[in-house]
Amino acid sequence: MTAHGDNGQAEDPPGMTRRWDSGSVEPSPAMAAELYAVLQRFSQAIVVFGPDDRVVFANDRYHDMFPRSPPPGAILGWRFENLLRHSIAAGQVPQAEADPEAYIARRLAQRGMSQRGLAREGLIGDRWYRAVEERIPGGGLVLSYNDITDRRLAEDEVRRKSAILSAAMEAVPGGFMVMDEDFNFVVWSRNWPAIGGATDEIIRTYPNMPDLARWQSRRGDYDGIRLDPTQFDPAAIASIPWLGRLLALQAARPPQLIPSDEERELLVQWQLLRYRPEGRPDGERAEGTGTIHIGGEDGRIVEFRRNRMPGLGWVSIYNDVTERYRHEEETARAHAETARALQDLRDTQESLVQAEKLASLGELVAGVAHELNTPVGISYTAATFLADRLRDFRAELASGPPRRASLMDFLDLVEETASLMTVNAGRAARLVQSFKNIAVDQTSDERRLLSLKPYLEEIAISLGPQWKRPGHTLTIDCPATLVLDTYPGALSQVLTNLIVNATLHAYPPGQAGRLTITASSLPPTPAAAGRPPVEHVEILFSDDGKGIPAEALPRIFDPFFTTRRGAGSTGLGLNIVFNLVTRTLGGRIEVDSAPGRGTRFFLRLPKVAPQPPAPPPAEAEIVAVPG
């Protein structure tokens, strides 16, 4: 394609008017003026070359289209080669950039060989042009340019949209098909033929719905269709002349025989009947949705949607939902298995909780037995010693009247030994009574009134071996008048687990610490919604140990969470505490801790526990106070 700039060199002086030597009669001035006016009105850019290949005319449109061409008038007399070199120098011919001389030689050769004209399309700058060269009888050439940028942009847009449509069509997992109102297949995706057990070659061989349906019918796809005569009224049969014949053929054919060619053809018509605006007599319409179960090894499941486009035809979209159906089935199975596993987990957790309670009780028994060993041992030793001295005193009496000094010594010994035995027997009795109260409470869900301070002291006595052996101290600060109507077993289990948890986790081996239990009454909550005010008690259990890491603090009440997994801990101790506080005792529990500054557990309990025990809360109410 040639475009013109402003760097060309003409062989003759610019502006020189030449007449081609064609042997023809030169037009009259009036005819030339009329011809000039006609060419000026053309929408195309026109350049006329004479037999000597020099410019004899260029209309204004040419100069509008190529403003960098030689000026009007100055272009006259320029040879084609000069204009071509001028355009290349101005950068108007991108395809000539690699080898300008080779391009010029090729264009001159094409120009010389062209007898019937030459048409080309290409870019000049940022515009698309169509250039047409036409030979003039007797010599000369007309070169016209037409700006086709808008057309090319429109064609590119059509191609772009067509590419998007093709990509979208191919992206449909199951397939996509469009047919016109005469049932001819217009376009389809590569996956669509396989849905009906066909191939692309078969679709091209049978390019419309009736022909493809006949092919499927001959294959036996419709052999299993048997119509129920009772679903048609006489008017419906009369409105479709061949329907009665189809019913008669099916009634006469035994089930074990395949349909005749006539019946198969009528079954094809039956399939096509659903494309009527009113649909088939059985109510089925082509327009709608459904599911196709495709047999074979893969056993695919395809959902379809078929819509009619008035005046255009039908659009059918098929979506392979096999994986979705299988995923739903697998999800259902997984849900059932998860439900069973969850129930098993709950059963296991309940068993572990009971085992944890029994283990706690076992540790309590072991501790009390250890504590009883000392007073009972002292009492036994004192009784044995007293028995030995009694035998000695009887022997002395047998030898004669005792001396007054010996009698007084024996009486002093008896008094001292009896006092020692009384003190240690009383100590053992208190341990046994405390153990009895706590053990009975922990194995019972009974509710009763209890005075909080002595009950806390009994718990401290029962758990003495747990906190005394490492050298800890346990201080109780509680008003003597504080009374609760609650579940003592749950409360003792909570405090037992907190004390044991502190002795196991709060201190490194060999370090003694201070444990504190503080109880106090809280102001009653305001009455609301017709309910009376509720009185609460706050029990604070604290230690001065190493504290809880920030990353572990939100999880300490989770079941099976423990920082001593390899040291025998099950991670259920604080989970039991949380459940007992929030469910059985009807309260809430908060924790405040930070590494290096100990841990505090705040129990906020109603003085009158709920009756019956509260149901499990929707969400665990765990409040971690920032350290």
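Along the sequence shown, the residues carry numbers beginning at 1. Quick caveat, the model's predicted, so the values are computed rather than measured. Side chains are part of it too, since the values below use all heavy atoms of this structure and drop only hydrogens, waters and symmetry mates.
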Chemist: Show the numbers, then the answer: is there a salt bridge (Lys or Arg N to Asp or Glu O under 4.0 Å) between Glu337 and Arg333?
Modeler: CA-CA 6 Å; Glu337 293 173 359; Arg333 287 195 298 270; 5.8 Å; no
Chemist: Do Glu262 and Arg245 pass the salt bridge (Lys or Arg N to Asp or Glu O under 4.0 Å) test, and can you show the C-alpha distance, the side-chain angles, and the key distance before you say yes or no?
Modeler: CA-CA 10 Å; Glu262 181 185 5; Arg245 177 61 179 169; 2.9 Å; yes
Chemist: Tell me whether Asp211 is salt-bridged to Arg214, with the criterion being a basic N under 4.0 Å from an acidic carboxylate O.
Modeler: yes
Chemist: Is Trp78 close to Pro70 at the side-chain level, that is, under 4.5 Å between some pair of heavy atoms?
Modeler: yes
Chemist: Whether the side chain of Asn319 engages the backbone of Val321 through a donor-acceptor N/O pair (distance < 3.5 Å, no angle test) should be reported.
Modeler: no
Chemist: Are any side-chain N or O atoms of Asn59 and backbone N or O atoms of Gln44, one a donor and one an acceptor, separated by less than 3.5 Å?
Modeler: yes
Chemist: If I compare all heavy atoms of Leu143 with all of Ala131, which pair ends up nearest, and what's the gap?
Modeler: CD1-CB, 4.3 Å
Chemist: Please lay out, stage by stage, how Leu273 and Leu243 fare under the test side-chain contact (heavy atoms from CB on, under 4.5 Å).
Modeler: CA-CA 11 Å; Leu273 201 61; Leu243 182 55; over 6 Å; no
Chemist: If you look at every heavy atom in Ala550 and Pro554, which pair is closest and at what distance?
Modeler: O-CD, 3.3 Å
Chemist: Over 60° means perpendicular and under 30° means parallel, so classify the ring planes of Phe232 and Trp270, tilted if in between.
Modeler: perpendicular
Chemist: What is the ring orientation for Phe66 with Tyr145, classed by angle as parallel under 30°, tilted 30 to 60°, or perpendicular over 60°?
Modeler: perpendicular
Chemist: Kindly compute the distance separating CG (Leu267) from CG (Asp223), expressed to the nearest 0.5 Å.
Modeler: 8.0 Å
Chemist: Does Asp261, at its CG atom, have more than 12 non-hydrogen atoms belonging to other residues, nucleotides or ligands within less than 6.0 Å?
Modeler: no
Chemist: State, to 0.1 Å, how close Glu263 and Leu246 come at their nearest heavy-atom pair, and which atoms those are.
Modeler: CG-CD1, 3.8 Å
Chemist: So, Arg120 and Glu133, do they make that salt bridge, N to O below 4.0 Å?
Modeler: yes
Chemist: Are the side chains of Met177 and Phe185 in contact, using a 4.5 Å heavy-atom criterion?
Modeler: yes
Chemist: Is the backbone of Ala45 close enough, under 3.5 Å, to the side chain of His63 for a donor and an acceptor to pair up by distance?
Modeler: no
Chemist: Keeping Arg274 on the side-chain end and Gln271 on the backbone end, is there a donor-acceptor pair under 3.5 Å?
Modeler: yes
Chemist: Answer whether the closest heavy-atom distance between the side chains of Arg306 and Tyr318 falls below 4.5 Å.
Modeler: yes
Chemist: Taking the side chain as every heavy atom from C-beta outward, state whether Asp233 and Ile237 have any pair of such atoms under 4.5 Å apart.
Modeler: no
Chemist: Report the C-alpha distance between Glu329 and Arg324 in whole Å, list the side-chain angles of each, state the deciding distance to 0.1 Å, and finish with yes or no for salt bridge (Lys or Arg N to Asp or Glu O under 4.0 Å).
Modeler: CA-CA 9 Å; Glu329 292 175 355; Arg324 191 189 78 192; over 6 Å; no
Chemist: In this structure, are over 12 heavy atoms from other groups packed under 6.0 Å from Glu34 atom CD?
Modeler: no
Chemist: Main chain of Asp52, side chain of Arg79: is a donor-acceptor contact present, judged purely on distance under 3.5 Å?
Modeler: yes
Chemist: Could you give the distance from CD (Glu134) to CD1 (Ile136), rounded to the nearest 0.5 Å?
Modeler: 10.0 Å
Chemist: Using 0.5 Å steps for rounding, measure from the OG atom of Ser144 to the CZ atom of Arg130.
Modeler: 8.5 Å
Chemist: Answer yes or no: does atom CZ of Arg226 have more than 12 heavy-atom neighbours from other residues, nucleotides or ligands under 6.0 Å?
Modeler: yes
Chemist: Just one of Arg107, Arg106, Arg85 clears the salt bridge (Lys or Arg N to Asp or Glu O under 4.0 Å) bar with Glu101, so which one?
Modeler: Arg85
Chemist: Got a donor-acceptor contact below 3.5 angstrom from the Arg160 side chain to the Ile164 backbone?
Modeler: no
Chemist: Do Arg326 and Glu323 meet the salt-bridge criterion of a basic N to acidic O distance under 4.0 Å?
Modeler: yes
Chemist: Side chains of Tyr222 and Gln216: donor-acceptor distance under 3.5 Å anywhere?
Modeler: yes
Chemist: Hey, are the side chains of Pro281 and Ile240 touching, using non-hydrogen atoms and a 4.5 Å cut-off?
Modeler: yes
Chemist: Could you tell me which non-hydrogen atom of Gly50 sits nearest to which non-hydrogen atom of Val56, and how far apart they are?
Modeler: N-CG1, 4.0 Å
Chemist: Any salt bridge linking Arg308 with Glu287? Criterion: basic side-chain nitrogen under 4.0 Å from a carboxylate oxygen.
Modeler: no
Chemist: Looking at Gly175 and Asn191, what are the two nearest heavy atoms and their distance?
Modeler: CA-CB, 4.3 Å
Chemist: Decide if the gap between the ring center of Trp314 and the ring center of Tyr275 is smaller than 6.0 angstrom.
Modeler: yes
Chemist: Can Arg152 and Glu121 be counted as an ion pair, charged N to O under 4.0 angstrom?
Modeler: yes
Chemist: Between Glu181 and Met309, what is the shortest heavy-atom contact and its length?
Modeler: OE2-O, 4.0 Å
Chemist: Answer yes or no: is there a donor N or O on one side and an acceptor on the other, between the side chain of Arg276 and the main chain of Gly279, under 3.5 Å?
Modeler: yes
Chemist: Show the numbers, then the answer: is there a side-chain contact (heavy atoms from CB on, under 4.5 Å) between Val178 and Leu312?
Modeler: CA-CA 9 Å; Val178 177; Leu312 297 176; over 6 Å; no
Chemist: Rounded to the nearest 0.5 Å, how far does CG of Asn579 lie from CD1 of Ile576?
Modeler: 8.0 Å
Chemist: Please report the C-alpha distance between Asp64 and Arg61 in whole Å, then the side-chain angles of each, then the deciding distance to 0.1 Å, and finally whether the side-chain contact (heavy atoms from CB on, under 4.5 Å) criterion is met.
Modeler: CA-CA 5 Å; Asp64 293 339; Arg61 177 60 178 154; 4.2 Å; yes
Chemist: If you define the side chain from C-beta out and look only at heavy atoms, does anything of Val142 sit under 4.5 Å from Val132?
Modeler: no
Chemist: If only side-chain N and O atoms count, and only distance matters, is there a donor-acceptor pair under 3.5 Å linking Thr149 with Asp147?
Modeler: yes
Chemist: Are any of the side-chain heavy atoms of Val48 and Val55 separated by less than 4.5 Å?
Modeler: no
Chemist: From Ile75 CD1 over to Phe57 CZ, what is the distance, rounded to the nearest 0.5 angstrom?
Modeler: 10.5 Å
Chemist: Quick one about Asp200 and Trp188 (side-chain donor to acceptor, distance below 3.5 Å, no hydrogens or angles considered), yes or no?
Modeler: yes
Chemist: Between Met209 and Leu272, does the side-chain contact (heavy atoms from CB on, under 4.5 Å) criterion hold? Intermediate values first, please.
Modeler: CA-CA 8 Å; Met209 179 63 73; Leu272 298 176; 3.5 Å; yes
Chemist: Please check this pair: side chain of Asn184 against backbone of Asp180, looking for a donor-acceptor N/O pair closer than 3.5 Å.
Modeler: no
Chemist: Any carboxylate oxygen within less than 4.0 angstrom of a Lys/Arg side-chain nitrogen, looking at Glu201 and Arg204?
Modeler: no
Chemist: Between Ser217 (side chain) and Arg264 (backbone), is there a donor-acceptor pair under 3.5 Å?
Modeler: yes
Chemist: With a 4.0 Å cut-off on N to O distance, would you call Lys161 and Glu157 a salt bridge?
Modeler: yes
Chemist: Any donor-acceptor pair under 3.5 Å linking the side chain of Gln250 with the backbone of Leu227?
Modeler: yes
Chemist: Drop me the distance from Asp558's CG to Leu574's CG, to the nearest 0.5 angstrom.
Modeler: 10.5 Å
Chemist: Quick one: are Tyr103 and Ile88 in side-chain contact, heavy atoms under 4.5 Å?
Modeler: yes
